[in-house]
Every structure is written in structure tokens, then in C-alpha cells.
Amino acid sequence: MESNQIIQELKDKYRSIEINKNSVTVAEEELLPLMRQLRDVYGFNYLTDETAVDYKDYFEIVYNVCRLCRGDMLMIKTKVDKEKAAVPSMFSIWPGAVWMEREIYDLMGINFTGHPDMRRILLDDNFEGHPLRKDFKWTGGREV
Amino acid sequence: MENLFVNTAGSIRNIMENSGLSPLLSDAVLVMFKLLAILVFVLINALWLVYMERKIAGYIQCRYGPNRVGPKGLLQTTADIGKLISKEIIIPRGADKILFLLSPALIFAPPLMVFMVVPFGENMAAVELNIGVFYFLAVASLSTVIFWMAGWASNNKYSLLGGMRVVAQMISYELPMVLAILGVVMITGTLNMSEIIRAQENTWFIFTQPVAFLIYFIAGVAECNRAPFDLAEGESEIVAGPFTEYSGMGFAMFFLAEYANMVLVSFMAATLFLGGWLAPFGLTFIPGWIWMLLKVYVLIFLFMWLRWTYPRIRVDQLMGFGWKVLVPLSLANIFVTGVAIKVLDMIGW
Amino acid sequence: MQMFGSGLIKGLAITWKELFTKKVTVQYPDEIYPLPDRFHGKFKLNKDACISCGMCVRACPNKVITMETETVARKKRLLKYTMDIKYCLFCGLCVEACPKNALGYVKDFELAQYKRDKLTVVLAAEEPLPREEKERLEAEAAQRAAAAKKAAGARGGSAFGNKAEGGE
Amino acid sequence: MLRTEEFTLNMGPQHPATHGVFRLILHLDGETIVKAEPVLGYLHRGIEKLAESRTYTQVIPYTDRLDYLAAMLNNLGYVQAVEKMIGVEVPERAEYIRVIVSEMSRIASHCIATGAYALDLGGFTGFMYPFREREKLMDMFEMICGSRMTFSYIRVGGVAADLPEEFYPAIKKFLQEFPSCVDEYDGLITGNEIFQARTKGIGILPAEKAVKYSLSGPVLRGSGVKYDLRKARPYGIYDRFDFEVPVGKNGDCFDRYYCRILEMRQSHRIIKQALEQLQELPEGPVMAKVPKVLKPPKGDVYHEIEGAKGILGYYVVSDGTVNPYRVHVRRPSFINLDLIDEMCRGWKIADVVAILGSIDIVLGEVDC
């Protein structure tokens with residue numbers, strides 16, 4: 001089953017899907033059912049990467065899932081507005097997302113609902129602020 | 001050359017007797033001299049073995065080993081000891097001070113005490129004890145207590161783990177060592193070391209008791225905490241075991257005691273299994289005590305060779321191997337020796 | 001599975017063989033291992049080749065190079081060229097960025113210092129020209145420019161076509 | 001009944017067997033592990049934040065410092081991601097040099113993994129022999145790009161410079177000796193019964209759990225999952241070489257370790273084929289026509305390669321300016337660690353050292 005066929009099928013099922021050049025953007029509400037269907041029906045059993053990007057007026061979470069048997073990969077994005085900053089966690093579908101989401105929470109400040117232990121992973125526990133945000137202020141250091 | 005040391009001892013005794021000392025006093029002074037000689041021998045040996053081990057380790061690992069300090073690196077160990085002496089002895093807070101300072105002082109005692117009994121050559125043992133082997137086994141197991149003292153006193157979790165491992169290891173390898181030596185004692189019938197050596201006139205006990213030698217050697221490696229049984233100070237697991245908290249001279253004492261123990265176990269193996277000062281195939285123009293040293297150094301090379309080839313055994317594998325393999329094997333060896341002695345008696349050998 | 005001890009014996013055989021193989025150690029202070037010619041070591045600056053364009057300053061990811069220049073008679077002159085080696089990544093982007101290949105490496109890797117401030121390597125340090133020297137040079141430049149304009153004006157009609165008229 | 005009490009041991013950031021500043025808080029019952037709590041971040045330098053204020057070429061020296069034991073593979077991953085965005089065509093000669101150099105880097109990384117693993121289990125000599133081979137590789141890297149560990153040699157559009165003349169005899173000599181050296185490791189480490197007793201059946205990782213927890217590289221292949229990006233989704237010119245992907249059977253420490261030994265042999269095969277095909281190539285450029293200052297079009301790209309420790313992915317977002325808007329690195333060592341707690345439970349301290357060594361982490365990559 002080629003990836004663009006899969007995307008077409010998903011498009012009829014979930015209305016909120018937009019297809020851009022190399023990825024598929026889906027609304028936050030339909031994220032979990034879509035991902036579950038990807039894993040169970042289409043066999044995307046391996047979540048290689050999950051990361052977040054801080055654009056001007058929204059965060060964007062980027063998932064890359066792939067099938068070990070055929071090796072092809074799909075990129076799924078979802079938008080999160082900056083104040084709420086919460087997304088359902090992928091732990092229930094791919095437990096490998098645990099540490100990736102903890103790192104996103106730690107560096108970007110996006111909360112993941114349903115995550116087993118939502119703690120910082122890289123920085124110290126009582127560190128204020130999330131460094132990878134564009135509006136992160138800090139003093140000292142050689143950076144301008 | 002054969003009894004160089006025996007003659008010197010005799011001439012010292014005559015000098016003292018002529019100068020009017022009572023025989024008892026001259027005896028005491030002579031024993032003092034012997035003990036002093038043994039102390040110097042053990043310390044020089046410990047220093048030399050550290051250098052030898054690092055050279056052999058280097059050559060095995062396609063590098064040179066120490067060759068900068070002194071001619072061909074010979075003063076390396078003295079430089080190390082000098083450095084360690086100048087280091088500050090740090091006593092961790094909450095450590096049991098008395099035990100902490102006592103254990104490095106005591107660690108050298110058991111090996112030195114046993115060296116009194118070891119026959120360096122033809123009637124060259126400092127004290128001709130007729131329960132020599134028994135005395136060796138009794139005193140050698142004392143060092144377990146000292147390691148545990150060091151482990152417990154330094155109030156550090158790694159040392160505690162190291163100390164407990166040492167106790168478990170040394171006690172459970174004491175048993176196969178005793179049973180292996182029992183095989184030899186059954187043949188000779190005496191516990192006196194010199195007698196055992198004289199009993200090996202025609203065949204060394206390594207040929208009549210190969211299994212006992214193997215068990216004794218493996219148990220010896222475990223007694224001195226040498227690889228592959230160096231669990232006490234497994235660097236990559238519990239940093240340095242009982243002597244993690246020691247610095248300066250304390251650490252040096254533990255470090256050198258390990259080599260003194262190794263020399264001791266090799267001397268015992270040479271005495272019990274390799275026919276002490278007896279020359280192989282009758283080459284008696286080399287004096288006996290040089291043969292003894294040669295055999296000891298061959299065994300020490302074997303210790304070092306093992307250390308630089310094998311990884312470390314895990315604790316429970318070590319115990320399993322000790323109790324489930326070595327002890328039954330040594331019991332079987334005793335049984336076979338007993339039967340063999342009976343059969344040989346019957347056919348009147 | 002072969003006999004239990006055979007792996008152990010094989011291990012001993014290997015270490016015995018290695019005991020007698022040739023050793024690989026290089027006795028460092030006495031013999032130095034021959035360094036390849038692309039070696040990224042200490043920096044050297046060819047002062048006269050350097051046109052102080054600042055390409056290397058911009059190419060460095062860690063802002064290691066600082067440069068001071070002085071323009072005399074519309075010609076830039078390099079004054080001070082320092083490299084803060086403790087931040088240097090030795091990636092070589094600055095050497096590649098230099099159009100005149102003025103910056104290069106020396107085959108020397110002993111860059112350690114005892115004091116932190118010694119780590120700032122000064123590759124060029126000239127005094128700014130004294131004031132009267134500067135005026136003299138400016139005056140000369142002004143004469144040369146005037147002479148060039150006069151010569152250009154004399155040959156105005158023929159060689160330059162309309163470009164020269166545009167220049168007036 | 002004797003009241004026993006659990007005690008916590010700090011296999012702290014400063015420990016001989018943690019391959020860097022990785023901390024594992026062990027809750028022990030005697031010597032058996034009840035709970036192992038990893039603590040990371042002691043080497044977090046914020047490379048992803050730094051990359052946002054550098055130009056695309058200036059980010060390359062920072063990617064060297066991620067997995068500093070296989071820096072070429074980090075460069076390759078980042079550079080191929082940017083090339084995918086720009087759509088530049090890398091010349092043939094540069095492609096071959098990239099394959100040779102990254103496979104050499106993979107062998108160097110596996111040499112350290114094997115050596116450090118033997119050292120963790122106590123075999124000091126087993127540590128020295130692989131390092132001797134790694135020294136030869138590092139000397140060759142020094143010939144090619146001037147530094148031994150942090151190369152920044154692979155650039156967007158090709159490689160920094162062509163292979164020097166004295167490189168070819170050196171690599172040929174290395175290719176001749178290397179198989180006998182790997183046989184030596186086999187004889188000394190793999191065949192050793194004590195080593196097998198310490199690694200066989202320890203830290204079992206079932207295949208579906210490895211897939212569910214997104215592990216990758218020798219850790220995943222040790223559990224029997226045949227997934228190597230060089231075969232599954234070939235990038236660059238990897239489809240021109242024939243090599244196998246070694247796969248373990250029961251996912252214990254020994255299989256993970258042995259996968260690396262077999263991978264070294266396969267990398268040796270790849271380098272040999274790549275060198276032959278490179279020498280048939282006519283002389284040509286090693287760098288495509290790429291502007292001095294790169295300005296990729298707006299957009300993003302996610303590109304994965306098979307790093308030494310596992311799948312190494314780069315997600316680069318560009319907003320059309322000179323600096324990347326966001327660079328995210330999918331770090332295999334970081335993700336391979338998320339099962340460490342479950343894998344260590346019930347084993348002894350000595351096994352935690354064995355399990356951690358078999359996962360082969362590098363803290364530069366874990367903390368990023």
C-alpha cells in the first residue's frame with residue numbers, strides 16, 4: 001500500500017487533514033485516532049522521531065512514523081496554540097515516545113496529556129523557562 | 001653456593017658465641033636477623049613485582065610499559081611509592097577512624113607471618129615448624145577480616161559492597177584450597193614443609209596430584225583477589241572496592257599487600273607441588289634456593305598472564321563455581337588419592 | 001560446543017603471541033609522530049597577504065577571531081589580529097574562507113598554556129600610524145588621484161567612449 | 001525475620017563504566033537491582049539552540065561534537081538533510097569518498113564499543129587491541145582532513161577536499177590487516193567462556209518491545225529485527241554495494257556485542273568495494289557548484305541515516321534566511337536508553353555494567 005494511497009484514504013476518513021509537500025497536517029482532536037489507525041491498520045509500527053518547532057503564533061509537533069517491513073516513512077504534523085500548549089501523548093500507541101516527549105516538554109514547554117511521568121529530562125528540575133523557545137531570555141554567555 | 005645462607009647464619013652464631021653471648025640470646029638475635037632478611041625480601045619482591053606486572057601488561061598490550069623513570073624504568077615503583085607517601089591521607093567524615101587507619105597497617109601482617117614458615121631452600125626456613133601447612137592456612141585466612149575492616153570503616157557504599165564481596169570470595173575459596181592441600185598431605189603424611197619437599201625426591205606432586213594443583217592454583221588466584229576473580233576491586237563495577245577511600249600510603253599498603261599475597265601463594269604452590277628446592281632432572285649445580293625462586297617466578301608470571309587475558313567473573317558465578325565445581329572436585333580428588341594409597345600399599349610399593 | 005576450556009586457552013595463546021609482536025608506542029617527547037600536511041595545528045598569518053577583508057571573522061562559528069584595521073588613504077591596513085584559541089573548534093572554516101590564503105596552519109600541536117589569558121594568540125600587532133605620517137600619505141594619495149584625473153581628462157575624447165564623460 | 005532494607009547506590013555521573021557523564025541511581029536489595037533511575041543532562045550543551053544562530057555551514061563543526069566517536073556519520077546526516085532541501089547534485093567522486101569515510105568512522109566507533117565493553121567486564125587487554133586499530137583509522141582521518149576526531153570534512157554539496165595521495169597505501173594496508181585483527185578480537189573476547197558467561201542471557205530485550213520503544217542500530221538488530229537504513233531505505237550510493245545486515249537471535253548482551261563485530265566485517269567489505277570503484281572513476285570535482293553562503297528555500301526536511309549507534313535523523317526547518325530556523329537531531333543513543341530501567345531490573349550490579357556497555361551510548365549524543 002503506497003503512502004500516498006494511505007494518505008488519500010485517511011483524507012476521506014478525517015476531514016481536518018491538509019496535505020502539504022512532504023507531510024500531512026492534522027488537527028489535534030483527530031490526532032490519536034489517526035495515529036492508532038496508522039499503526040494498527042497500515043502497520044506503521046515504528047515511531048522514529050517526534051519533535052516540536054516554535055513558529056511565531058503556534059507550536060508545531062512533528063511525528064515521523066515508518067514501517068520496518070517496507071522502510072517507508074510518513075511525516076505527520078499537528079498545530080498547538082501557544083497558551084494551551086498541550087497535546088495528547090503518543091505513549092499509548094508507541095511507548096518509545098516517552099523520552100522524546102519529555103525532551104520536548106523540557107526544552108519547548110509543551111505538555112503531553114496522558115504521559116506516564118511528565119518531568120524534565122535534560123535540564124535541572126528547578127530550571128525556569130524552556131530554552132528552545134524563540135522568546136527565551138538569558139544573561140551571560142558569548143552569544144549576542 | 002648451595003647453602004650460602006646457612007653458612008652465613010652459622011658464622012653469625014659463632015661470632016656471637018665467641019663474643020660471650022648466652023646461646024639463648026644469640027638464638028634470639030639470629031631469629032631477628034632471619035626475620036629482617038625475610039622482611040627485606042618480601043618488600044623488595046613486592047616492589048619488583050609491581051614493575052614486572054606493568055612491563056608484562058605493557059608487552060602483552062603491544063606497548064612498552066614504564067621505561068622512563070630510572071634505567072629501563074626500574075625506579076618506577078620507587079617513584080610511585082615516593083609519590084604515594086607524599087600524598088595526604090584523607091579520612092572520610094563518618095569513617096570509623098581507628099579501624100580505617102588500622103587496616104592498612106595490618107594488611108601486611110598475615111603474609112609476613114606466614115613467610116616465617118616458608119622454606120626458601122635446603123633447611124633455610126626461618127622457623128622449622130612441623131605444622132607448617134596448617135599454620136599457613138590458618139594465618140592466610142586472616143586477611144579476609146582486614147579487607148572487611150577496610151570496607152566497613154570507610155563509610156562508603158562502594159567499599160561496603162567491595163568488603164562484602166571479599167568476605168564471600170575468600171571464605172568460599174578457602175575450602176577448596178584446604179581440600180586440595182589435603183590431597184598432598186595424605187601422600188606425605190606430614191605437615192612439615194621441608195618434609196613435603198623431601199618427599200618429592202623422585203616425582204613432584206604436580207604429576208601425582210594434577211587435579212589438586214589445578215584446584216589449588218585457581219583457589220590461590222581467588223585468595224589474592226587477582227583476575228579473573230578480582231571482584232573485590234572490580235574497577236568498572238564498584239570503583240575500587242574496600243580501598244576506594246584510601247589515598248597515599250594507605251592505598252600503597254593495600255596495593256603492595258596484594259603482591260605479597262601473590263608471592264606467598266606461589267611459594268606455597270612451589271613447595272607443595274613443584275618440589276621446592278629440588279632441581280628438576282638432577283641439575284644440581286644451580287643451588288636449591290635459586291630453583292625455588294625460579295619456580296615462584298614462573299607461577300607469578302602465570303598469575304599475571306591470567307590477569308591480562310581474562311575478564312572478570314560475576315559474584316554469583318564466582319560462588320557457584322567455587323561451591324559447585326571446586327569443592328566436589330577436591331573431595332573426589334581426596335577420595336581417589338585415598339584409594340590409590342590403599343591400593344599401592346596392598347601391592348607393596 | 002567445543003570443550004569448555006578451549007576459549008580460555010585460545011585467549012592465552014593470543015596474549016602469548018602478542019607478547020612478542022612489535023610494539024606500537026611512539027616515544028613522544030623524543031620522537032614525534034610524522035604529522036600529515038593537512039594537519040590542523042597552530043595558526044600562522046601571512047601579514048602582507050592579508051587584505052583584512054574579515055571573511056575569516058564571519059566564517060568562524062564560535063567568533064574566535066577579532067581583527068582591528070585602520071584605513072589610511074582609502075587603503076585598509078591590518079592592525080591587530082587575535083585568535084581566542086580556547087573557543088576555537090579547529091574546524092578549518094576560517095582558513096578555507098580566506099580569499100588570499102593568508103591564514104594557514106603550522107604542524108605544531110603543543111598549544112597548551114599555563115595561564116588562561118595566554119590562550120589568546122596574537123598573530124599580528126602593529127601600531128596605528130602616527131598622525132603626521134597619516135597626513136603625508138593622504139596628501140600623496142590626493143596628488144596621485146588629481147594627476148590620474150588630469151591624465152584621464154586629456155585622453156577623454158578617444159579611448160573611454162561615453163564612460164569617461166559619465167565620470168565627470 | 002531479619003529486616004533487610006533497600007539502599008540506593010549512585011552509579012553517578014563520575015563512574016568508570018558509564019561511558020561518559022551518565023548517572024544511574026540504583027535502588028539495590030543486596031546486589032540485585034530493584035529500580036534503576038537514569039539521570040541525564042550533565043553534558044547538555046544545547047547544540048540545537050546554538051545551531052539556530054549559525055549559518056548552515058557553521059553548524060557542521062557542531063554536529064561533529066554530537067557522537068564524537070563517529071563524527072563523519074553525524075556530518076553526513078546533517079549535510080544530506082540540507083542537500084535534500086537545496087536539491088543539489090553531489091558529484092560521483094564525492095559520493096564514494098563519503099561512503100569510504102563514513103564506513104571507516106563506523107569501524108572506529110565499533111572498535112571503541114568492543115574495546116570499552118571488554119574493559120567494562122574486566123578484560124583490560126581486550127580494550128587495547130581494538131584501540132590499536134582505531135589509532136590507524138585516526139591517522140588516516142588526520143591525513144584526509146587534518147583532525148583525528150572532529151573532522152567537519154563532509155560539506156553541503158560534496159567533501160572539503162579530495163583524498164590525499166598517501167591515503168591510498170595506508171587504507172590498502174589497513175584493509176589487508178583488519179580481518180585478522182577482528183579474528184583476534186573474536187579469539188580473545190568473543191570466544192572467551194568467562195566473557196560469554198557474563199553476557200549470554202543477560203539483559204534480554206524482546207524484539208517487539210525493542211520496536212515499540214523505537215530502539216535502533218545494533219541494539220534493535222541484536223533482538224532479531226532486520227532493520228538497517230542502508231538496506232531498508234538506501235541513501236547516497238549504498239545500493240551499489242553488497243553487504244549483509246547481521247542480526248542477533250535472542251537479544252541478549254552477547255548478541256548486541258556480536259552484531260557490532262559482524263558489522264565491522266561488513267563495513268570492511270563496503271570500504272573495499274567502494275575503494276575499487278573509486279579508483280576506476282576518472283579524476284573529477286569533489287564539490288558541486290554551491291553558493292558560498294547557503295540560503296535554502298523556505299520549508300523543512302527530515303532525513304535519516306544509519307549512524308554507528310543507530311538511526312541518526314536530522315529535522316531541519318529553513319525560513320529562507322542564512323541561519324536554519326530549527327535543527328532537531330534524532331539521537332540513537334538517547335532513544336536507545338529509554339528501556340534501561342526495565343532491562344536492569346533483577347540483575348546484579350555487574351550486569352548493569354554489561355547491559356549499559358552493550359547498548360553502547362555516547363554522552364555527547366545522549367545529552368545533545
Side-chain angles (χ1 to χ4, degrees), chain C residues 1-19 21-26 28 32-43 53 55-65 87-99 104-109 111, chain D residues 50-51 53-55 57-65 71 75 123-126 128-129 131-133 135-136 139-153 155 160-161 163-167 170 183-197 287 292-293 322:
Chain C
M1 233 287 272
Q2 349 91 307
M3 208 266 293
F4 174 74
S6 73
L8 301 171
I9 311 297
K10 195 155 183 297
L12 284 177
I14 287 176
T15 32
W16 180 262
K17 173 176 71 60
E18 280 293 334
L19 199 58
T21 51
K22 207 181 87 42
K23 304 307 164 210
V24 291
T25 333
V26 168
Y28 164 59
I32 304 258
Y33 197 75
L35 296 173
D37 20 344
R38 292 186 185 169
F39 180 71
H40 290 188
K42 193 197 290 226
F43 288 96
C53 58
M55 291 286 284
C56 51
V57 178
R58 281 190 300 279
C60 175
N62 238 354
K63 302 183 195 48
V64 162
I65 308 172
Y87 294 117
C88 176
L89 301 175
F90 289 98
C91 55
L93 290 177
C94 54
V95 173
E96 280 159 27
C98 177
Y105 291 105
V106 173
K107 279 194 195 171
D108 165 20
F109 47 82
L111 311 174
Chain D
L50 283 176
S53 53
R54 286 323 180 257
T55 67
T57 323
Q58 284 177 342
V59 170
I60 294 176
Y62 290 94
T63 59
D64 290 331
R65 268 104 179 143
N75 291 355
F124 192 89
T125 316
M128 278 299 181
Y129 296 157
F131 261 67
R132 182 185 52 196
E133 267 62 61
E135 276 307 312
K136 294 179 199 152
D139 291 345
M140 282 188 266
F141 281 135
E142 207 172 30
M143 285 181 213
I144 300 171
C145 51
S147 49
R148 293 161 59 86
M149 275 174 77
T150 54
F151 315 116
S152 50
Y153 171 66
R155 299 289 165 73
L163 297 175
E165 269 328 300
E166 68 267 20
F167 171 75
D183 301 341
E184 195 179 46
Y185 309 153
D186 271 353
L188 185 68
I189 308 172
T190 322
N192 195 316
E193 271 79 9
I194 300 175
F195 178 80
Q196 285 171 6
M287 190 66 165
K292 260 244 180 293
V293 181
V322 174

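Lettering follows sequence order; numbering is per chain, from 1.
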Need one label for [X]: side chain, backbone, both or neither, based on atoms under 4.5 Å from any heavy atom in chain C.
{"X": "D:Asp64", "answer": "neither"}
{"X": "D:Glu166", "answer": "side chain"}
{"X": "D:Tyr62", "answer": "side chain"}
{"X": "D:Ile194", "answer": "both"}
{"X": "D:Thr57", "answer": "both"}

Can [X] and [Y] be counted as an ion pair, charged N to O under 4.0 angstrom?
{"X": "D:Arg132", "Y": "C:Glu18", "value": "yes"}
{"X": "D:Glu142", "Y": "C:Arg38", "value": "no"}
{"X": "D:Arg155", "Y": "C:Glu96", "value": "yes"}

To the closest 0.5 Å, what do you measure between [atom1] ([X]) and [atom2] ([Y])?
{"X": "C:Leu93", "Y": "D:Thr55", "atom1": "CG", "atom2": "OG1", "answer": "8.0 Å"}
{"X": "D:Ser152", "Y": "C:Phe90", "atom1": "OG", "atom2": "CZ", "answer": "12.0 Å"}
{"X": "D:Arg54", "Y": "C:Asn62", "atom1": "CZ", "atom2": "CG", "answer": "5.5 Å"}
{"X": "C:Ile14", "Y": "D:Glu184", "atom1": "CD1", "atom2": "CD", "answer": "6.0 Å"}
{"X": "C:Phe109", "Y": "D:Arg148", "atom1": "CZ", "atom2": "CZ", "answer": "9.5 Å"}
{"X": "C:Cys91", "Y": "D:Gln58", "atom1": "SG", "atom2": "CD", "answer": "8.5 Å"}

Answer yes or no: is there a donor N or O on one side and an acceptor on the other, between the side chain of D:Arg65 and the main chain of C:Leu89, under 3.5 Å?
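Yes: the side chain of D:Arg65 pairs with the backbone of C:Leu89.
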Can a donor-acceptor pair be found, under 3.5 Å and without considering hydrogens, that links the side chain of C:His40 to the backbone of D:Phe151?
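Checking the backbone N and O of D:Phe151 against the side chain of C:His40, no donor-acceptor pair under 3.5 Å is found.
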Among the options D:Leu50, D:Ile60, D:Thr125, D:Asp139, pick out the one with the most heavy-atom pairs lying under 4.5 Å from chain C.
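Highest number of pairs under 4.5 Å: D:Asp139.
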Could you give me the CA-CA distance, side-chain angles and deciding distance for D:Tyr129 and C:Thr15, then say whether side chain to side chain contact (heavy atoms under 4.5 Å, CB included) is met?
CA-CA 10 Å; D:Tyr129 296 157; C:Thr15 32; 4.1 Å; yes
